[in-house]
Amino acid sequence: MTPRFDVIGLAVSDMAASIAFYSRLGLVFPDGAENEPHVEAGLPGGLRLALDTEDTIRSFHAGWRPPSGGGRASLAFRCDSPAEVDSAYEGLVGAGHHGELKPWDAFWGMRYAVVHDPDGNGVDLFAPLPGGPAPEPSQ
């Protein structure tokens, strides 16, 4: 298997304002989501839009700072296993791409890593850890 495109993630300064904006475009968020540090809305075709507050991102990446212009989005690719996160990361870094965050076991129950694409956009690689979140059904 190869990693699959699964999540579009946005860093947000104001969760309530971001939810209001995307809700006006037809996305549906859980009740009370404006008070959460991380929320998701389903997208057509099974993709998800994830919104994370800047503080949430800093909680696992202390050196992260909001960009001064654009570039507040990241792409996330779901892997079949934690080992695939590691091998995909190593393959991309080995091919000369910048590794932003080496694979780690995230507190939310996933193996996670971040690399940069050729333009410097963050690309997340992730897989549920054993006992972590249930895998999504295949599309």
Side-chain angles (χ1 to χ4, degrees):
M1 295 292 303
T2 58
R4 315 175 279 297
F5 185 49
D6 190 68
V7 176
I8 299 167
L10 300 176
V12 302
S13 300
D14 182 332
M15 183 66 78
S18 295
I19 288 174
F21 176 84
Y22 287 104
S23 293
R24 291 181 69 96
L25 295 172
L27 297 184
V28 177
F29 295 90
D31 290 337
E34 62 277 355
N35 299 315
E36 296 297 325
H38 170 90
V39 298
E40 296 182 6
L43 299 173
L47 293 175
R48 296 173 285 149
L49 176 68
L51 305 179
D52 288 288
T53 64
E54 293 172 353
D55 286 341
T56 298
I57 295 167
R58 282 189 209 96
S59 76
F60 61 83
H61 187 348
W64 182 86
R65 298 291 175 262
S68 59
R72 294 177 66 93
S74 67
L75 302 177
F77 288 80
R78 184 183 188 109
C79 298
D80 286 332
S81 68
E84 187 178 354
V85 171
D86 294 2
S87 65
Y89 177 87
E90 292 302 326
L92 291 165
V93 170
H97 298 284
H98 177 258
E100 177 69 16
L101 291 173
K102 292 181 180 178
W104 86 97
D105 292 343
F107 61 86
W108 57 86
M110 293 185 176
R111 184 77 172 160
Y112 227 89
V114 181
V115 295
H116 285 163
D117 74 7
D119 296 306
N121 295 307
V123 176
D124 301 358
L125 305 168
F126 72 95
L129 291 167
E136 297 286 326
S138 297
Q139 297 296 323

So, for [X] and [Y], which heavy atoms are closest and what is the spacing to 0.1 Å?
{"X": "Val114", "Y": "Gly122", "result": "CG1-CA, 4.3 Å"}
{"X": "Met15", "Y": "Val39", "result": "SD-CG2, 3.7 Å"}
{"X": "Phe107", "Y": "Phe60", "result": "CE2-CB, 4.4 Å"}
{"X": "Ala127", "Y": "Cys79", "result": "CB-O, 3.5 Å"}

Note, Glu34 side chain near Ser23 side chain (heavy atom, < 4.5 Å):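 Result no, sub-4.5 Å side-chain heavy-atom pair not found.
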Can you find a pair of side-chain heavy atoms, one from Arg65 and one from Glu54, that are under 4.5 Å apart?
no
Residues passing the side-chain contact (heavy atoms from CB on, under 4.5 Å) test with Pro37, sequence neighbours excluded, are Thr53, Thr56
What is the distance from atom [atom1] of [X] to atom [atom2] of [Y], rounded to the nearest 0.5 Å?
{"X": "Asn35", "Y": "Ile19", "atom1": "CG", "atom2": "CD1", "answer": "8.5 Å"}
{"X": "Ile8", "Y": "Arg48", "atom1": "CD1", "atom2": "CZ", "answer": "11.0 Å"}
{"X": "Leu49", "Y": "Leu47", "atom1": "CG", "atom2": "CG", "answer": "10.0 Å"}

Which is it for Glu36 and Phe29 under the side-chain contact (heavy atoms from CB on, under 4.5 Å) test, yes or no, and what are the steps along the way?
CA-CA 11 Å; Glu36 296 297 325; Phe29 295 90; over 6 Å; no
Report the C-alpha distance between Thr2 and Phe77 in whole Å, list the side-chain angles of each, state the deciding distance to 0.1 Å, and finish with yes or no for side-chain contact (heavy atoms from CB on, under 4.5 Å). CA-CA 9 Å; Thr2 58; Phe77 288 80; over 6 Å; no
Only distances under 3.5 Å count here; give the side-chain donor-acceptor pairs of residues 89-106 to other protein atoms, sequence neighbours excluded, each with its distance to 0.1 Å.
| residue | atom | partner | partner atom | Å |
| --- | --- | --- | --- | --- |
| His98 | ND1 | His116 | ND1 | 3.1 |
| Glu100 | OE1 | His116 | NE2 | 3.4 |
| Glu100 | OE2 | His61 | NE2 | 2.8 |
| Asp105 | OD1 | Arg111 | NH1 | 2.9 |

Under a 4.5 Å side-chain heavy-atom rule over Ile, Leu, Val, Met, Phe, Trp and Tyr, are Phe5 and Met1 clustered together?
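No; Met1 is not reachable from Phe5 via cluster members.
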| said: Grouping I, L, V, M, F, W and Y whenever their side-chain heavy atoms are under 4.5 Å apart, do Phe21 and Val28 come out in a common cluster? | reply: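 No, separate clusters.
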Discussion item. For a side-chain contact (heavy atoms from CB on, under 4.5 Å) check, start with the C-alpha distance between Leu43 and Leu27, then their side-chain angles and the critical distance, and finish with the verdict.
Written reply: CA-CA 8 Å; Leu43 299 173; Leu27 297 184; 3.5 Å; yes
Residues Glu40 and His38: side-chain donor-acceptor under 3.5 angstrom: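 Checked: Glu40/His38 side chains pair up, N/O donor to acceptor below 3.5 Å.
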Centres of the Tyr112 and Trp108 rings: under 6.0 Å? yes
Practice prompt. In sequence, state the C-alpha distance, the side-chain angles, and the governing distance for Leu125 and Arg78, and then conclude on side-chain contact (heavy atoms from CB on, under 4.5 Å).
Written response: CA-CA 6 Å; Leu125 305 168; Arg78 184 183 188 109; over 6 Å; no
